[in-house]
Q: 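Starting off with a structure, shown below.
Numbers here simply count residues along the sequence, with the first being 1.
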Amino acid sequence: MAATARRSIPRRTLLGSALAAGAVIALAASPAEALVWSSSDQWGSYTTSDGYTLYNNIWGSGAGPQSIWANSSSNWGVWANHPNTGGIKSYPNAKKVVNKPLSSLSSLTSSYNVTVPSSGAYNTSYDIWDSDYDHEVMLWVNYNGAVGPLGTSQGTLTLGGHTWTVYKGDNGANEVYSFLRTSDSTSGTVNILPILKWIKDTKGWWGDETIGDVQFGFEITSSSGGLDFRTNSFNVSSS
């Protein structure tokens with residue numbers, strides 16, 4: 001299940017002393033490079049010189065402490081200590097704004113390389129929005145623990161360089177189309193444009209939407225005791 005546009009419009013709110021304590025642990029766990037930014041703010045955000053925006057983005061009920069650090073837009077991570085309870089607690093992510101109608105795009109690709117824990121409940125996913133936040137496309141490249149997509153299965157297909165099981169649902173605020181990779185991957189390249197065109201041309205689930213945000217991060221349900229999630233490299237390219 002996915003969040004709404006709260007992921008894309010951060011608010012500047014503090015969680016308090018628990019998050020401040022988490023920041024110390026997170027910084028100690030981060031790579032031995034010079035950090036350009038770190039935050040324990042619930043809605044902490046940072047825009048890089050190459051046009052990406054990083055969000056700490058703790059939005060779910062019952063969340064614990066979480067801190068984000070960044071060496072660059074393509075090398076960042078979080079330390080999170082969310083309790084072993086149901087419901088998504090956060091979606092720390094990096095966002096690139098595309099802001100082009102689907103019909104005007106000739107390419108939209110992204111590459112990723114992550115290090116994720118073997119415990120906890122989470123997914124590593126792209127979250128792609130139209131500019132009005134009426135439609136949400138999630139691409140799960142790996143997932144662990146008691147997590148699952150919203151909606152009902154629409155079958156399996158190979159598209160964009162990966163094989164996915166597709167789900168379609170509605171969270172009450174927007175339509176959600178979830179593509180779950182049939183085997184876990186921690187690195188690869190996704191050709192996103194054929195997936196978006198399949199939604200439009202093959203299924204007719206949306207029209208010529210303007211593609212707004214391409215987000216990539218970790219949708220965390222639980223990470224009891226404190227777990228590290230790292231993005232070793234990441235980029236989005238469009239034309």
Q: Test of understanding: with salt bridge (charged side-chain N to carboxylate O under 4.0 Å, His left out), list the residues that count as partners of Lys168, not counting sequence neighbours.
A: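 In terms of salt bridge (charged side-chain N to carboxylate O under 4.0 Å, His left out), with neighbours along the sequence ignored, Lys168 is linked to Glu175.
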Q: Linking I/L/V/M/F/W/Y whenever their side-chain heavy atoms sit closer than 4.5 Å, directly or via other members, would Ile199 and Leu193 fall into one cluster?
A: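 Yes; tracing contacts between hydrophobic side chains, which count when under 4.5 Å, links both residues.
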Q: Would you please name every residue forming a side chain to side chain donor-acceptor pair (under 3.5 Å) with Thr186, sequence neighbours left out?
A: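 Scan of Thr186 (side chain to side chain donor-acceptor pair (under 3.5 Å), adjacent residues dropped) gives none.
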Q: Without swapping roles, check the side chain of Tyr122 against the backbone of Pro117 for a donor-acceptor pair under 3.5 Å.
A: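 Present.
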Q: Side chain of Lys89, backbone of Thr221: donor and acceptor closer than 3.5 Å?
A: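 Looks like yes, one N/O pair under 3.5 Å.
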Q: Taking Tyr112 as the fixed residue, which of Ser187, Ser233, Ser185 is the one that meets the side chain to side chain donor-acceptor pair (under 3.5 Å) rule?
A: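 The option that passes is Ser185.
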Q: Are Trp205 and Tyr177 an aromatic pair, judged by ring center distance below 6.0 Å?
A: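 Aromatic pair counts; centres sit under 6.0 Å.
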Q: Checking Thr53 against Tyr46: is there a side-chain donor and acceptor pair closer than 3.5 Å?
A: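 There is no such pair between these side chains.
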Q: Would a distance-only check, ignoring hydrogens and angles, find a side-chain to backbone donor-acceptor pair under 3.5 Å from Asn71 to Val36?
A: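 Between the backbone of Val36 and the side chain of Asn71 there is no qualifying donor-acceptor contact (under 3.5 Å).
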Q: Between Ser39 and Asn56, which heavy-atom pair has the shortest distance, and what is it?
A: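 Ser39 and Asn56 have their closest heavy atoms at O-ND2, 3.9 Å.
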Q: Would you kindly say whether Lys95 and Tyr55 are connected by a side-chain donor-acceptor distance under 3.5 Å?
A: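 Judged by distance alone, the side chains do pair up.
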Q: Counting the benzene-type ring for Trp, do Tyr126 and Trp164 have ring centres under 6.0 Å apart?
A: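 Aromatic pair excluded; centres sit 6.0 Å or further apart.
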